[in-house]
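Taking it in order: structure first as structure tokens, then the write-up.
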Amino acid sequence: MKVAISSDLGGNNLRKEIMALLDELNIKYEDFGPKTDDSVDYPDYALPVAEGVASGKFDRGILICGTGIGMSITANKVKGVRCALVHDVFSAKATRCHNDSNVLAMGERVIGPGLAREIVTTWLNTDFEGGRHERRVNKITELEG
Ligand code: RB5
């Protein structure tokens, strides 16, 4: 599995924590996050991750900003991306089982690093259930035209 990860300045610390987790889990990733502490605009940092997942270059994407909201709104504009904004472990599992989400968004100002680690681990390790959920996901894809 190859993961693309990014954040804005508001998600910098949690992005570093999650990259450390990916290292521990031996999961390959590419970091598209800011390289300086200058203020940046979150859409510019969500887009390369969303496009990388949509193109198939990456299997999954992880996006972090202050709330996760701006990142998730941006990512979901890209055709083929199903980005889930998640701040609990139950939803992390459910969005993989039911929505086949391929991008995860979280807010650094919303949750702590321990919970974020559990969310990411669960989200990366849970398979899509398919079946009736596949029919529903296909209906979302049809909306993209
Ligand atoms: C940046 O101040 C903040 O707006 C951003 O990190 C994010 O929360 C946007 O949705």
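Just so you know, ligand 1 is whichever comes first in the structure, and atom 1 is the first atom listed for that ligand. When a residue number appears, it is its place in the shown sequence, counting from 1.
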Test item: side-chain donor near acceptor, R96 and T126, under 3.5 Å: no
To the nearest 0.5 Å, what is the distance between CG (D88) and NZ (K93)? 13.0 Å
Would you check if there is a donor-acceptor pair between the side chains of R135 and N138 at a distance under 3.5 Å? no
Kindly compute the distance separating CZ (R60) from CD1 (I5), expressed to the nearest 0.5 Å. 13.5 Å
Which parts of the protein, at residue level, reach under 4.0 Å of ligand 1 through a heavy atom? D8, Y42, C65, G66, T67, I69, G70, R109
What class does the angle between the rings of H133 and H98 fall in, given that below 30° is parallel, 30 to 60° is tilted and above 60° is perpendicular? parallel
Note, S101 side chain near W123 side chain (heavy atom, < 4.5 Å): yes
